[in-house]
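Quick note on labels: first sequence line is chain A, next is B, and so on, each numbered from 1. Only heavy atoms go into these numbers, but all of them, side chains included; no hydrogens, no water, no symmetry mates.
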Amino acid sequence: MDAQQASEALNAWYLRNARPLPWRADGTTAWGVLVSEFMAQQTQVDRVIPHWLEWMERWPTPSALAAAEPGEAVRAWKRLGYPRRALWLHRAAMEIAEQYGDEVPSDVDTLLGLTGIGPYTARAVAAFAFHERHPVVDTNTRRVIARAVHGLAAAGMPAARDLVDMEALLPSDRDSAAVFNAAAMELGAVICTARAPRCDECPISRWCEWRGAGYPDNAPAKKPKQAAFQGSDRQVRGRIMQLLRSTHDPVSHDDALTAAAHGGVADELQPKRALDSLVTDGLVVEYEGALKLP
DNA sequence: AAGCCGTGGGT
DNA sequence: TACCCAAGGCT
C-alpha cells in the first residue's frame with residue numbers, strides 16, 4: 001500500500017465526487033460547521049440537511065441561539081434523535097457567546113472544553129472550519145483505515161491508536177490535510193460502507209490491503225451491539241419528548257405518562273422511570289405542577 | 001468505563 | 001422482517 005499515492009487518489013476523487021452538503025459550501029461560518037457536526041453525531045448526514053438549513057436561518061450565530069430558550073432548541077431538533085444534543089448545542093452556544101466573544105474557537109483544546117464537543121467534533125471543527133491540521137477520526141475513517149491499511153474487514157473498538165494511524169496518513173499541507181480528513185469520511189459513508197462496500201467504485205481499491213488479501217472475514221471484536229430499541233426506555237422517552245415538542249402549553253403528568261405508555265411498555269414503572277430520567281437530563285422541567293420543555 | 005442516549009435508512 | 005448501523009459524547 002503506497003500511502004502517498006493512495007491519499008492523492010482519494011483527495012482527487014473527493015474533489016470530483018463529494019456530495020454537495022450545504023455546510024461544505026463556500027462562506028459557511030465556523031458556527032455553521034459546528035452545528036452540522038453536532039447534528040451529525042450518530043446521525044446520517046442526509047437526514048441532517050433540512051434541519052441544518054432551518055437552524056442556520058433561525059440562529060445564524062451562537063449568540064442568536066444563546067438568546068433563545070433551550071426548549072426551543074429541543075423543539076427545533078424535531079425527530080433528529082438524541083435530543084440531549086440540542087440542549088448541549090444550546091449550552092455550547094452560550095459558552096461561545098459569553099466566553100469567546102461569539103466567535104467559535106479554532107483551538108482543539110478550547111473546543112474540547114465546550115459542552116457536547118468530544119475528540120471527534122473538536123478536530124472536525126478545527127479542520128473543516130479553520131483548516132487546522134489535525135487527524136479527524138470518525139466511524140467512517142476508522143473503517144476505511146481498518147480495511148485499506150490494516151487489511152481488516154471492520155474496525156475494532158475505538159482507541160487512541162486511531163488518531164496515530166490517521167496522523168500517519170495525513171498530508172503535510174494544511175489544506176490537503178483538511179480535504180483528506182473529509183475524503184476519508186466521505187469514502188466510508190458512500191463507498192466503503194459497513195454492510196455492502198462498493199469496491200468497484202472505490203478510488204483506492206488498488207491499494208486496499210483488505211481487498212488484496214481477498215476480503216478475509218477477520219473483523220476484530222467491536223463494541224457490544226445496541227440494546228433493542230423496542231421496549232426500551234429510550235423509546236418511551238422518545239414518546240414523551242414527541243408530546244412535549246408538539247405544544248407550547250404545559251403538559252400534565254397524566255398526559256405525559258399516558259403518551260409514554262401508548263404502544264406498550266416493558267414494565268409498569270417504565271413511564272415514570274422515563275419521565276424522571278428526562279427531568280434529570282434537563283430535557284423536561286416541572287412548571288406549576290405540569291411539564292414543559294426547558 | 002461500560003452503558004446509556006432517538007430515530008430512521010439500508011439490507 | 002429483523003437487524004445492523006449511523007460525521008459520538010457523557011456519566
Side-chain angles (χ1 to χ4, degrees), chain A residues 14 18-19 21-24 32-52 74 77-89 91-92 111-129 134-144 153-155 157-160 162-163 166 178 181-190 192-198 219 221-245 260 263 273-274 276-278 280-284:
Chain A
Y14 177 83
R19 295 166 294 175
L21 304 178
W23 50 88
R24 287 176 176 166
V33 172
L34 189 155
V35 170
S36 77
E37 297 300 345
F38 265 83
M39 290 183 168
Q41 289 169 5
Q42 290 288 284
T43 306
Q44 288 164 285
V45 297
D46 291 338
R47 292 180 53 216
V48 168
I49 294 172
H51 296 81
W52 185 86
V74 174
W77 203 253
K78 301 184 178 176
R79 298 183 66 87
L80 258 186
Y82 292 143
R84 294 190 295 188
R85 292 183 293 163
L87 223 43
W88 293 338
L89 178 52
R91 205 166 298 158
L111 286 161
L112 283 171
L114 299 174
T115 302
I117 294 190
Y120 165 75
T121 304
R123 289 176 178 80
V125 170
F128 301 144
H134 295 287
V136 180
V137 176
D138 78 329
T139 186
N140 291 305
T141 299
R142 290 182 353 90
R143 184 174 53 253
V144 168
M157 309 255 300
D162 301 334
L163 279 179
M166 188 60 175
N181 280 313
M185 292 168 60
E186 185 81 355
L187 188 75
V190 176
C192 194
T193 57
R195 199 72 82 85
R198 313 160 141 217
K222 47 184 193 178
K223 286 196 293 189
K225 65 178 180 181
Q226 272 182 358
F229 181 66
Q230 279 296 327
S232 67
D233 284 8
R234 290 155 73 175
Q235 180 182 37
V236 175
R237 283 166 55 107
R239 294 172 184 156
I240 297 173
M241 291 307 296
Q242 193 169 348
L243 171 60
L244 286 166
R245 281 195 310 264
R273 184 168 68 244
D276 288 347
S277 73
L278 288 170
T280 296
D281 288 349
L283 282 165
V284 175

Main-chain N/O of [Y] paired with [X] side-chain donor or acceptor, under 3.5 Å:
X	Y	value
Arg143(A)	Gly188(A)	yes
Asp276(A)	Arg273(A)	no
Trp88(A)	Ala92(A)	no

Rounded distance (Å) that lies between atom [atom2] of [N] and atom [atom1] of [X]:
X	N	atom1	atom2	answer
Met39(A)	dG6(B)	CE	P	16 Å
Trp77(A)	dG8(C)	CH2	C1'	12 Å
Leu34(A)	dA7(C)	CG	P	18 Å
Lys222(A)	dC3(C)	NZ	C1'	11 Å
Phe229(A)	dG8(B)	CZ	P	9 Å
Lys225(A)	dC4(B)	NZ	P	14 Å
Leu80(A)	dG6(B)	CG	P	13 Å
Gln235(A)	dC4(B)	CD	P	16 Å

Which sits closer to the 5' end of DNA chain C, Arg234(A) or Leu114(A), going by the nucleotide each is nearest to? Arg234(A)
Is the phosphate of [N], meaning OP1 or OP2, less than 4.0 Å from a side-chain N or O of [X]?
X	N	result
Arg79(A)	dG8(B)	yes
Thr139(A)	dA7(C)	no
Arg237(A)	dG6(B)	yes

Would you indicate whether the side-chain heavy atoms of [Y] and [X] approach each other to under 4.5 Å?
X	Y	value
Val136(A)	Met166(A)	no
Trp52(A)	Leu21(A)	no
Glu37(A)	Ile117(A)	no
Thr115(A)	Leu87(A)	no
Arg234(A)	Phe229(A)	yes

Taking any heavy-atom pair under 4.0 Å as a contact, classify [X]: base, sugar-phosphate, or nothing.
X	result
Leu21(A)	base
Gly118(A)	sugar-phosphate
Arg91(A)	nothing
Trp52(A)	nothing
Arg19(A)	base

On the side chain of [X], is there an atom forming a donor-acceptor pair with the base of [N] - under 3.5 Å, no angle test?
X	N	value
Gln42(A)	dC5(C)	no
Thr43(A)	dG6(B)	yes
Gln226(A)	dA6(C)	yes

Considering heavy-atom distances to DNA chain B, does Lys78(A) or Ala227(A) have its closest nucleotide positioned more toward the 5' end? Ala227(A)
Look up atom CG in Leu163(A) and atom CZ in Arg123(A), then write down how far apart they are to the nearest 0.5 Å.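 If I round to the nearest 0.5 Å, the distance is 5.0 Å.
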Output the distance between atom CE (Met185(A)) and atom OH (Tyr14(A)), rounded to the nearest 0.5 Å.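 It comes to 8.5 Å.
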As a test of reading the structure: which of dG9(C), dA7(C), dG8(B) is closest to the side chain of Gln41(A), going by heavy atoms? dG9(C)
Mind listing the residues from residues 119-128 of chain A sitting with a heavy atom below 4.0 Å of DNA chain C? Number order is fine.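 Residues of residues 119-128 of chain A under 4.0 Å from DNA chain C: Pro119(A), Tyr120(A), Thr121(A).
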Side chain to side chain contact (heavy atoms under 4.5 Å, CB included) assessment of Thr139(A) paired with Gln42(A): CA-CA 9 Å; Thr139(A) 186; Gln42(A) 290 288 284; 5.6 Å; no
Might you work through the side chain to side chain contact (heavy atoms under 4.5 Å, CB included) test for Arg142(A) and Val137(A), ending with a clear yes or no? CA-CA 6 Å; Arg142(A) 290 182 353 90; Val137(A) 176; 3.3 Å; yes
Could you go through Arg47(A) and Met39(A), starting from their C-alpha distance and side-chain angles, then the distance that decides it, and tell me whether this counts as side chain to side chain contact (heavy atoms under 4.5 Å, CB included)? CA-CA 9 Å; Arg47(A) 292 180 53 216; Met39(A) 290 183 168; over 6 Å; no
Integer angstrom distance from the [atom1] of [N] to that of [M]:
N	M	atom1	answer
dT1(C)	dG8(B)	C1'	16 Å
dA7(C)	dA2(B)	P	24 Å
dA1(B)	dC5(B)	C1'	16 Å

Tabulate protein N/O versus nucleotide N/O from nucleotides 9-11 of chain B, keeping only pairs under 3.5 Å, one per line.
{"residue": "dG10(B)", "atom": "N2", "partner": "Arg195(A)", "partner atom": "NH2", "Å": "3.0"}

More than 12 non-hydrogen atoms from neighbouring residues, nucleotides or ligands closer than 6.0 Å to CZ on Arg19(A), yes or no?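 Result for CZ/Arg19(A): enclosed.
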Considering only nitrogen or oxygen atoms on both sides, find all protein atoms under 3.5 Å from nucleotides 1-3 of chain B and state each distance.
none

